[in-house]
Number of protein chains: 2
Amino acid sequence: MPDLHPGLLMSIAARHVEMRVMRALHEAGHELTLAQGRLMAGIDGEGTRLTDLAARAQITKQSAGFLVDQVERLGYVERVPDPTDARARLVRLAPRGREAQREARHVERQVRHEWEQHLGQERMAALQDALTSLREITDPWA
Amino acid sequence: MPDLHPGLLMSIAARHVEMRVMRALHEAGHELTLAQGRLMAGIDGEGTRLTDLAARAQITKQSAGFLVDQVERLGYVERVPDPTDARARLVRLAPRGREAQREARHVERQVRHEWEQHLGQERMAALQDALTSLREITDPWA
DNA sequence: CCATTATGGTCAGTCTGTCTGACTAGGTTG
DNA sequence: CAACCTAGTCAGACAGACTGACCATAATGG
């Protein structure tokens, strides 16, 4: 059996994480889709502009606006005026959104722990190191 | 700067590979979409059943059928009867499909090489090792 | 040996997420 | 202050995914 391409192996594992997070959110009563989740993952504490959210998720601002409309209607985020720019508004997590975020982070920690159990500390550290380094040449956004 | 979650880092790198492959295919005159490419990646030498393709790409057989229709019309694959089961047909790469496959594999080798240059042989081997091991607990299809 | 169930695939209809292009309102700058 | 830039929306299109219903063929167990 020849080595599968690392990119493919990464897709498998990354997909697994997403699936675990989405499933947990669903079980906790949240009705978020993957696209909505990816978008919300880009919101930081003080709130984030639509344009920045779009860039982080690598989608157009139209798509981002569409998704923000949805999660706003569901009560996960709110749009507040940006005090520093009258054109802009900040998308901020509402209480329900922070709940979902907590849940997501919990599952992520759990997965990380499972991986460390499986690989052992040393290999896990090597993985984290290699991935972090690889980001320098693969992240279009950094 | 705290460590980003390995799953997220994997998404970034995996996406980079896909982007590189799609761009190269496009430059070589192939008009394949990402979804079509992912589907075709699941076709093996003797041909593969629609149902298996769907399972490998983790989509429904209806979606897979839709995509096969498209790439068949574009001349990348052909459907031939399955000699062992009259209900089934095998989806097989046509010459144009094999060309695209060669191109894709070429880019994948190139990316692998770039990564090895960046990480060094040892860290690259560690990465491959960790990812392969991780597959045991993250691949729903193995 | 046939009735039942399982499997491979299609048809019909729907929905989500994405895009491009055109536009408005509000900043920024020479 | 004129010209340009930037944040966001509106309108329209389309790809790709889903569910549910269905048909044809295989496989299985009384």
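Reminder, nothing fancy here: chain letters follow the sequence lines and each chain counts from 1. The structure presented is a predicted model; accordingly, all values stated were derived computationally and were not measured. Note that these values count all heavy atoms, side chains included, but never hydrogens, waters or copies made by symmetry.
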Practice prompt. Figure out the CZ/C1' separation between B:Phe66 and C:dA12, and round it to whole Å.
Written response: 13 Å
Worksheet entry | Residues touching DNA chain D, which here means a heavy atom under 4.0 Å, drawn from residues 8-19 of chain B | none
Worksheet entry | Donor-acceptor contact below 3.5 Å, side chain A:Thr138 vs main chain A:Leu134 | yes
Practice prompt. Report yes or no: does A:Gln128 contribute a side-chain atom to a donor-acceptor pair with the main-chain N or O of B:Leu4 at less than 3.5 Å?
Written response: yes
Worksheet item: Taking NZ, NE, NH1 and NH2 as the nitrogens, is one of them in B:Arg92 or B:Glu46 under 4.0 Å from a carboxylate oxygen of the other?
Response: no
Discussion item. Does anything in residues 24-53 of chain B come within less than 4.0 Å of DNA chain D? Heavy atoms only, and list the residues if so.
Written reply: B:Thr33, B:Ala35
Worksheet entry | B:Gln36 and its side-chain contact (heavy atoms from CB on, under 4.5 Å) partner, picked from B:Leu34, B:Leu32, B:Leu39 | B:Leu32
Worksheet item: Got a second to check how far B:Ile12's CD1 is from A:Met10's CE, nearest 0.5 Å?
Response: 10.5 Å
Practice prompt. Return yes if some donor-acceptor pair links the side-chain N/O of A:Arg105 with the main-chain N/O of A:Gln101 below 3.5 Å, else return no.
Written response: no
Worksheet item: Which letters describe nucleotides 25-30 of chain C, given B = protein heavy atom under 4.0 Å from base, S = only from sugar-phosphate, - = neither?
Response: BBS---
Response to the item:
So the side-chain hydrogen bond (donor to acceptor under 3.5 Å, both in side chains) pairs with at least one residue in residues 5-18 of chain B (sequence neighbours excluded) are B:Glu18-B:Arg38
Fill in: A:Arg56/A:Asp44 ion pair, N-O < 4.0 Å
yes
Fill in: Test side chain to side chain donor-acceptor pair (under 3.5 Å) applied to B:His26 and B:Glu31, step by step
CA-CA 6 Å; B:His26 201 259; B:Glu31 312 174 83; over 6 Å; no
Response to the item:
chain B reaches DNA chain D, atoms under 4.0 Å from its heavy atoms, from D:dG16 to D:dA26
Fill in: DNA chain D-proximal residues of residues 56-65 of chain B, any heavy atom under 4.0 Å
B:Ile59, B:Thr60, B:Gln62, B:Ser63
Worksheet, complete the sentence: In this structure, NE2 of A:His118 is separated from CD1 of B:Ile137 (nearest 0.5 Å) by 5.0 Å
Response to the item:
Comparing nearest nucleotides in DNA chain C, the 5'-proximal residue of the pair A:Gln70, B:Leu90 is B:Leu90
Discussion item. With a 3.5 Å distance limit and no angle check, can you tell me whether A:Ser133 reaches the backbone of A:Asp129 through a side-chain donor-acceptor pair?
Written reply: no
Worksheet item: What distance separates A:Leu50 CG from A:Phe66 CZ, expressed to the nearest 0.5 Å?
Response: 13.0 Å
Item to complete: For B:Ile43 and B:Leu53, run side chain to side chain contact (heavy atoms under 4.5 Å, CB included): C-alpha distance rounded to whole Å, both residues' side-chain angles, the deciding distance at 0.1 Å, then the answer.
Response: CA-CA 7 Å; B:Ile43 302 175; B:Leu53 282 184; 3.8 Å; yes
Worksheet item: Is A:Glu103 paired with A:Arg98 through a side-chain N to carboxylate O contact shorter than 4.0 Å?
Response: no
Discussion item. Return the CZ to CD distance between B:Arg20 and B:Gln110, rounded to the nearest 0.5 Å.
Written reply: 5.5 Å
Discussion item. Between P on C:dT7 and CG on B:Asp82, what's the gap in Å once rounded to a whole number?
Written reply: 16 Å
